[in-house]
Amino acid sequence: MGDLWPTELRVSKDRQRLVVTFNDGASFDLSAELLRVLSPSVEVQGHGPGQKVTVPGKRNVAILSMTPTGNYAVRIGFDDRHDTGIYTWSYLRELGEKGADLFADYERELAEKGMSRDISEKPR
């Protein structure tokens with residue numbers, strides 16, 4: 001995995017999607033919502049096992065900024081003011097490869113907690 005890095009990071013005009021193309025030719029189209037609700041930040045993931053929270057109401061979140069972090073990651077800022085997630089190249093690759101399953105898990109968590117992709121409330 002250490003030999004993989006993005007050759008392109010392109011945000012869509014509507015700022016709702018990020019296309020990541022890797023040096024091995026693999027390309028992934030990631031929604032801003034997926035990136036936001038699965039942010040690698042402590043706010044979302046917590047400080048340890050069992051601390052991850054479910055973040056509702058982000059269906060229409062948009063990407064505002066992308067800031068390179070060293071040569072291994074990018075910090076993504078969203079229009080809901082969340083900007084603490086550092087997305088490593090390997091994490092972006094994981095989201096590309098497993099994003100559909102991870103998002104299905106997220107939707108299941110929302111349903112179990114009586115939350116919605118459309119209604120913003122405190123993460124839990």
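- Side chains of Thr84 and Glu43: a donor on one and an acceptor on the other come within 3.5 Å.
- Ionic pairing of Asp29 and Arg10 is not present here: no N-O contact between side-chain nitrogen and carboxylate oxygen is shorter than 4.0 angstrom.
- Distance check, rounded to the nearest 0.5 Å: CG of Leu110 to OG of Ser116 gives 7.0 Å.
- Taken together through direct or relayed side-chain contacts under 4.5 Å among Ile, Leu, Val, Met, Phe, Trp and Tyr, Ile86 and Phe78 form parts of separate hydrophobic clusters.
- Atom CG of Asn23 is separated from atom CG of Leu4 by 5.5 Å, given to the nearest 0.5 angstrom.
- A salt bridge is absent between Asp83 and Arg75: the closest approach of a Lys/Arg side-chain nitrogen to an acidic carboxylate oxygen does not fall below 4.0 angstrom.
- With hydrophobic clusters built from ILVMFWY side chains whose heavy atoms lie under 4.5 angstrom apart, Leu64 does not share a cluster with Val55.
- Ser27 places none of its side-chain heavy atoms less than 4.5 Å from the side chain of Phe22.
- You'll find the side chain of Gln51 stays beyond 4.5 Å of the side chain of Gln45, heavy atoms only.
- Linking Ile, Leu, Val, Met, Phe, Trp and Tyr residues whenever their side-chain heavy atoms come within less than 4.5 Å leaves Ile63 and Val19 in two separate clusters.
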Quiz prompt | Worked check of side-chain contact (heavy atoms from CB on, under 4.5 Å) between Gln16 and Ser31 | solution = CA-CA 6 Å; Gln16 299 285 308; Ser31 73; over 6 Å; no
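- Annotation: the span from Ser39 atom OG to Lys58 atom NZ amounts to 11.0 Å, rounded to 0.5 Å.
- Counting heavy atoms from C-beta on, the side chains of Leu18 and Leu9 come closer than 4.5 Å.
- Atom CD of residue Glu109 and atom OG1 of residue Thr54 lie 4.0 Å apart, to the nearest 0.5 angstrom.
- For CZ of Arg81, the number of neighbouring non-hydrogen atoms (other residues, nucleotides, ligands) closer than 6.0 Å is 12 at most.
- Clustering ILVMFWY residues whenever any of their side-chain heavy atoms sit less than 4.5 angstrom apart, transitively, puts Trp5 in the very cluster that holds Leu35.
- In the displayed structure, Asp14 atom CG is contacted under 6.0 Å by more than 12 heavy atoms of other residues, nucleotides or ligands.
- No continuous path of ILVMFWY side-chain contacts below 4.5 Å connects Leu38 to Val42, so the two sit in separate hydrophobic clusters.
- Taking the side chain as every heavy atom from C-beta outward, Asp79 and Val61 approach each other to under 4.5 Å.
- In this structure, Phe103 CZ and Leu30 CG are separated by 12.0 Å, a value rounded to the nearest 0.5 Å.
- For the pair Arg108 and Glu112, the salt-bridge criterion is not met [side-chain N within less than 4.0 Å of a carboxylate O].
- A donor-acceptor pair is defined here as one N or O able to donate and one able to accept, closer than 3.5 Å; such a pair exists between the side chain of Arg124 and the backbone of Lys113.
- For the pair Arg93 and Phe28, the cation-pi criterion (under 6.0 Å, within 45° of the ring axis) is not fulfilled.
- When the shell of 6.0 Å around NZ of Lys98 is examined, it contains 12 or fewer heavy atoms from other residues, nucleotides or ligands.
- Considering every non-hydrogen atom in both Ile119 and Pro56, the closest pair reads O-CB, 3.7 Å.
- Proximity of Leu34 to Tyr106: side-chain heavy atoms (C-beta onward) are nowhere separated by under 4.5 Å.
- Separating the CD atom in Glu33 from the CZ atom in Arg17 is a distance of 9.5 Å, to the nearest 0.5 Å.
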Exercise. Start with the C-alpha gap between Leu95 and Leu102, add the side-chain angles, then the distance that decides, and say whether side-chain contact (heavy atoms from CB on, under 4.5 Å) holds.
Key: CA-CA 8 Å; Leu95 290 177; Leu102 295 170; 3.9 Å; yes
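- No donor-acceptor pair under 3.5 Å is formed between the side chain of Trp89 and the backbone N or O of Val74.
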